[in-house]
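Source: prediction; values computed, not measured. Just so we're on the same page: letters track the sequence lines, and every chain starts at 1.
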Protein chains: 2
Amino acid sequence: MAKATLRADARRNLDKLRDAALGVFREKGLHAPLDEIARRAGVSSGTLYNRFGSREALIDAVAPELAADSLRAVARRAIAERDPWEGFASYVMGVCELQASCPALNDVISRRYASEQLTAICRATEERERYIIERAQREGLLRADFTREDLFFVFWSTATLVRHTSGAAPEGWRRAVGFLLDGLRAEAAHPLPAEPLTPDQVEEVMFRLGEGGPL
Amino acid sequence: MAKATLRADARRNLDKLRDAALGVFREKGLHAPLDEIARRAGVSSGTLYNRFGSREALIDAVAPELAADSLRAVARRAIAERDPWEGFASYVMGVCELQASCPALNDVISRRYASEQLTAICRATEERERYIIERAQREGLLRADFTREDLFFVFWSTATLVRHTSGAAPEGWRRAVGFLLDGLRAEAAHPLPAEPLTPDQVEEVMFRLGEGGPL
DNA sequence: ACGTAAGTTGAGGCATGCGTCAAGATACCG
DNA sequence: CGGTATCTTGACGCATGCCTCAACTTACGT
C-alpha cells in the first residue's frame with residue numbers, strides 16, 4: 001500500500017509537516033486547524049493531505065513523541081514512591097500536570113481523539129495504572145471500591161477544568177484534584193451511589209468524545 | 001427604546017419563538033442553532049432576529065422558566081434536610097441531577113452562557129449556597145477550607161461528565177460525585193495544594209466559558 | 001538535457017451557523 | 001375599503017474549517 005520510497009522533496013515536506021504538527025498541536029490541542037499546520041510547515045493544505053490524508057494519520061505520526069514518554073515518566077515516578085498512597089497521588093497529580101501543561105496532552109489523556117498510536121499508548125498506560133491502584137489498595141490506603149475506570153472521572157474532570165481555568169487561575173485545578181484525592185483515601189470511603197463504569201462503557205464514552213459535537 | 005406595543009402577529013410570533021426556544025434549548029442546550037428554533041416556531045430566521053436580535057436576548061426571555069424554579073427547589077430541599085451534611089450533599093447531588101436531566105440547565109449551571117437574567121439567577125443561587133455551606137461547616141461536617149467558589153469545581157466537572165457519559169452510562173456521574181463528596185467531609189480533609197479561586201477568578205473563567213472556543 | 005512519474009498548488013466545493021436586507025405581505029386605523 | 005406603518009421572508013454574504021482535483025512544477029533516471 002504505502003510507497004516504500006518518497007521523492008526527496010516529498011520526504012522533506014513530510015518532515016516539515018510533522019514538526020509543524022507537533023508545534024501546533026502542543027500549542028492548540030489536537031483539534032487545531034490543519035490549514036494552520038500546513039501554513040506553518042510552509043506548504044499548501046493539499047500537500048498535507050497528500051502526505052497524511054487525515055488528521056488521524058497526522059496525530060499517529062506525532063503521538064509517540066507527543067505523549068508516550070511523558071506518560072511513562074509520570075508512571076515511573078509514581079511507582080518509585082515508597083509509600084503506595086503517595087505513589088497513587090503522585091500519579092494522579094502528575095497526569096493532571098501533563099493535562100495542564102499542554103493542550104495536546106490534555107486531549108490525549110481525556111481521549112478527545114482516538115487513533116491507532118494513541119490507543120496503543122493508552123493500553124500501555126492502563127497496565128501501569130492497574131499496578132499503581134492495586135498497590136495502594138493492598139495496603140489499605142486507596143479505597144477498595146476504586147477501579148481503574150474511575151480514573152477517567154478524574155481525568156475527564158480535570159481536562160475541562162484546566163481548559164477553562166488555565167487563564168484565570170493556572171493552579172486552580174490542583175485544589176480540585178486535592179478535594180478529589182481526599183475522597184479516594186480508604187478512610188474517607190462511604191458507600192457510593194452508582195456502580196463503576198465497565199471498560200466497555202469507558203470505550204463507548206471515548207468513542208463519542210471523538211465524534212466532537214459541541215463541547 | 002423598546003416599542004411598548006407590538007402588532008398582534010408580531011406578538012404571536014414572539015410567543016411562538018419563546019416556546020420553541022424553550023423546547024429546543026431543553027433538548028439541545030443553549031448553543032442550539034437559532035435556525036432550528038425559528039423553524040420549530042414556524043417562522044423564518046429573520047423574524048427571530050427581528051423579535052429578539054440575539055441569542056442572549058432569547059435566553060433571557062426563557063431563563064426564568066428554564067432555570068430559576070428548579071434551582072430554587074433544589075436549594076429548598078437541601079435546606080429542609082435536618083442534618084446539615086445531608087443538606088449539603090443533597091444540594092450538590094440535586095444540582096448535578098439538574099445538569100444531568102437537561103442540557104440547557106447544564107449550560108446554565110456550568111455557565112456556558114452569560115446573560116442578564118442568568119446572572120441574576122446565579123446571584124440568587126449564590127446566597128443560598130453560602131447558607132448551605134456555612135451551616136454544614138458550623139457543625140464541623142463539611143471541611144472548613146471549602147469555599148463557595150469551590151462548588152464550581154464540582155459543577156464544572158459534572159457538566160463535562162454528564163455531557164459525555166449520558167449516553168453510555170447515564171448514572172455514571174453519581175459515582176464521580178460520590179467520590180467528590182467523600183473528599184469534602186470534614187474528617188477527610190488534608191491540606192490542599194492551592195488557594196481557593198477568588199470570586200473575580202470565577203467571574204473571569206465564566207466570562208471565557210461564554211466566549212466559546214473549542215470545547 | 002529531456003521526458004515522465006511524482007509531487008505541489010490553491011482556488012473552489014462542501015457543510016455549519018450567524019446575521020442582514022430589499023422585496024413582499026399583512027394588520028390596523030381612519 | 002384603502003393606505004401606510006409594521007412585520008415577515010428567505011436568499012444572500014460572512015466566517016470557519018474540511019477536503020479535492022485539474023493544472024502546474026519539479027526531481028530523478030537515462
Could you tell me whether the phosphate oxygens of D:dT9, OP1 or OP2, come under 4.0 Å of any side-chain nitrogen or oxygen in B:T47?
yes
Within this structure, what is the NZ-to-P distance between B:K16 and D:dC7, rounded to whole angstrom?
15 Å
Between the protein and nucleotides 19-22 of chain D, are there any N/O to N/O pairs under 3.5 Å, and if so, what are the atom names and distances?
residue: D:dC19; atom: OP2; partner: A:Y49; partner atom: OH; Å: 3.0

Can a salt bridge be assigned to the pair A:R143 and B:D182 using a cut-off of 4.0 Å between side-chain N and carboxylate O?
yes
Side chain of B:R7, heavy atoms from C-beta onward: which of C:dA27, C:dG7, D:dT8 has the nearest atom to it?
C:dA27
Can you tell me how far the CD atom of B:E171 sits from the CD atom of B:E97, to the nearest 0.5 Å?
8.0 Å
So B:Y113 and B:E56, side chain to side chain donor-acceptor pair (under 3.5 Å) or not? Walk me through it.
CA-CA 8 Å; B:Y113 283 92; B:E56 194 177 316; over 6 Å; no
To the nearest angstrom, how far is A:R51 atom CZ from C:dA6 atom P?
12 Å
Test side chain to side chain contact (heavy atoms under 4.5 Å, CB included) applied to B:N13 - qualifying residues, sequence neighbours left out:
B:K16, B:V43, B:T47
Answer with base, sugar-phosphate or nothing: what part of the nucleic acid does B:R11 contact at a heavy-atom distance below 4.0 Å?
nothing
Using atom CD of B:E36 as one end and atom P of C:dG19 as the other, report the distance to the nearest whole Å.
16 Å
Where each residue is assigned the nucleotide of DNA chain C containing its nearest heavy atom, which of B:P33 and B:A8 is assigned the position nearer the 5′ end?
B:P33
Between A:A32 and A:R12, whichever has its closest DNA chain D nucleotide further toward 5' is A:A32
Roughly, in whole Å, what's the span from CG in A:L6 to P in D:dA27?
14 Å
Atom-to-atom span, CG of A:N13 to C1' of C:dT8 - whole angstrom:
8 Å
Rounded to whole Å, please give me the gap between CZ in A:F52 and C1' in D:dC18.
17 Å
Rounded to whole Å, how long is the line connecting atom CG of B:L48 with atom P of D:dC7?
15 Å
Nearest to side-chain heavy atoms of B:D9, which nucleotide of D:dC7, C:dT9, D:dT9:
D:dC7
Could you check whether B:E195 pairs with A:R175 (Lys NZ or Arg NE/NH1/NH2 to Asp/Glu carboxylate O, under 4.0 Å)?
no
Salt-bridge present (B:E126, B:R130; N to O < 4.0 Å)
yes
Round to a whole Å and report the spacing from CD1 of B:I37 to C1' of C:dC18.
13 Å
Does B:Y131 have its ring centroid less than 6.0 Å away from the ring centroid of B:Y91?
no
